[in-house]
Structures are given as C-alpha cells and as structure tokens.
Amino acid sequence: MSSTDLPLLPRPSTPPKTPSDLITGDWLVGTVTRGGTGPCYGLITDDGVEHALHSTDGTELTRHTRIRVKVAPLRIRIHCGPGAHWQMLRAELIR
C-alpha cells in the first residue's frame with residue numbers, strides 16, 4: 001500500500017445561471033399538421049410526438065407534407081398550439 005494521500009476534489013461552485021443542457025439546435029423530421037405562412041406551424045414527428053413551431057420568416061408550409069426542420073428553444077412567450085414549442089430556424093421539404 002502506498003502512503004500517498006488521495007487527491008481531494010474541489011468543492012462545487014454555485015449552480016450555473018443558465019441551463020447546462022440547453023439544446024442549441026436540433027433537427028426534427030415529420031409531417032406538417034398546421035401549415036400556412038406562419039408564424040405558427042404544427043408538426044408530428046415520425047415517433048408520434050407533436051411539436052408547435054414558431055417562425056417570423058414567412059416560410060410557407062403545406063399541410064400533410066413531409067419536412068425536416070432545424071429547431072432551437074423558443075425564446076419568446078407565445079402559444080403556437082399543442083406540443084413541444086420550438087423556434088423554427090430552417091425547413092426543408094423531403095421528397
């Protein structure tokens with residue numbers, strides 16, 4: 001056995017002021033359930049999860065089309081319908 005002391009871990013600092021697991025951007029794939037030119041849209045992903053998307057870009061989405069959407073956490077307080085709320089950064093039609 002060694003006579004060397006084990007190193008001590010530093011004491012944790014104060015908790016972070018912002019969430020450390022904040023999603024900065026992710027892709028969703030699914031079918032448009034609420035379309036139009038925005039600012040609110042609906043999407044059901046392939047695993048059956050409903051999402052409410054918000055974008056002021058005026059993107060036109062057609063109901064029942066399959067899309068791939070890049071999303072980020074919604075930073076404003078707005079209700080865009082049922083489901084998890086996201087800011088829509090980009091939408092791509094899947095053919």
Side-chain angles (χ1 to χ4, degrees):
M1 292 271 189
S2 173
S3 63
T4 307
D5 292 333
L6 294 175
L8 297 175
L9 294 175
R11 220 184 152 123
S13 62
T14 59
K17 296 194 184 307
T18 58
S20 57
D21 59 351
L22 185 65
I23 298 172
T24 58
D26 206 359
W27 288 92
L28 302 174
V29 174
T31 303
V32 177
T33 58
R34 288 183 316 280
T37 55
C40 292
Y41 309 91
L43 180 79
I44 291 189
T45 53
D46 294 341
D47 57 359
V49 178
E50 195 165 14
H51 298 272
L53 309 173
H54 178 268
S55 173
T56 57
D57 293 341
T59 303
E60 185 170 352
L61 297 180
T62 305
R63 193 169 178 223
H64 302 297
T65 57
R66 299 225 350 110
I67 61 171
R68 179 179 128 144
V69 184
K70 184 167 184 158
V71 297
L74 192 59
R75 295 187 178 181
I76 62 171
R77 294 185 72 141
I78 188 168
H79 182 71
C80 280
H85 282 69
W86 297 99
Q87 175 186 0
M88 182 173 72
L89 303 175
R90 190 164 91 195
E92 299 174 355
L93 184 63
I94 297 176
R95 297 190 187 262

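For clarity, every value in this text was computed on a predicted model and none was experimentally measured.
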[X] and [Y]: which non-hydrogen atoms are nearest, and at how many Å?
X	Y	value
Arg34	His51	NH2-O, 4.3 Å
Val69	Met88	CG1-CG, 3.3 Å
Pro82	Ala52	O-CB, 3.7 Å
Ile78	Cys40	CD1-SG, 4.4 Å
Thr33	Leu43	OG1-N, 3.4 Å

Partners passing side-chain hydrogen bond (donor to acceptor under 3.5 Å, both in side chains) against His85 (at least two apart in sequence or in another chain):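 For His85 there are no side-chain hydrogen bond (donor to acceptor under 3.5 Å, both in side chains) partners, ignoring immediate neighbours.
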
As a quick check of understanding, evaluate side-chain contact (heavy atoms from CB on, under 4.5 Å) for Val71 and Leu89, giving each step before the final call. CA-CA 5 Å; Val71 297; Leu89 303 175; 5.9 Å; no

Nearest 0.5 angstrom please: [X] [atom1] to [Y] [atom2], how far?
X	Y	atom1	atom2	value
Arg95	Thr65	CZ	OG1	10.0 Å
Trp27	Thr45	CH2	OG1	15.5 Å
Ile67	Thr31	CD1	OG1	8.5 Å

Asp57 and Thr59: side-chain donor and acceptor closer than 3.5 Å? no

Test log, rule side-chain contact (heavy atoms from CB on, under 4.5 Å), inputs Leu61 and Tyr41: CA-CA 8 Å; Leu61 297 180; Tyr41 309 91; 3.4 Å; yes

Check step by step if side-chain contact (heavy atoms from CB on, under 4.5 Å) holds for Arg68 and Glu92. CA-CA 5 Å; Arg68 179 179 128 144; Glu92 299 174 355; 3.4 Å; yes

For atom CZ of Arg63, decide whether the heavy atoms of other residues, nucleotides or ligands shown that lie under 6.0 angstrom number more than 12. no

Intermediate values then yes/no, side-chain contact (heavy atoms from CB on, under 4.5 Å), Thr62 and His64: CA-CA 6 Å; Thr62 305; His64 302 297; over 6 Å; no

Just wondering, do Leu74 and Trp86 contact through their side chains at under 4.5 Å, heavy atoms? no

Student check: side-chain heavy atoms of Ile44 and Val49 closer than 4.5 Å: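 Side chain of Ile44 against side chain of Val49, heavy atoms only: no contact under 4.5 Å found.
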
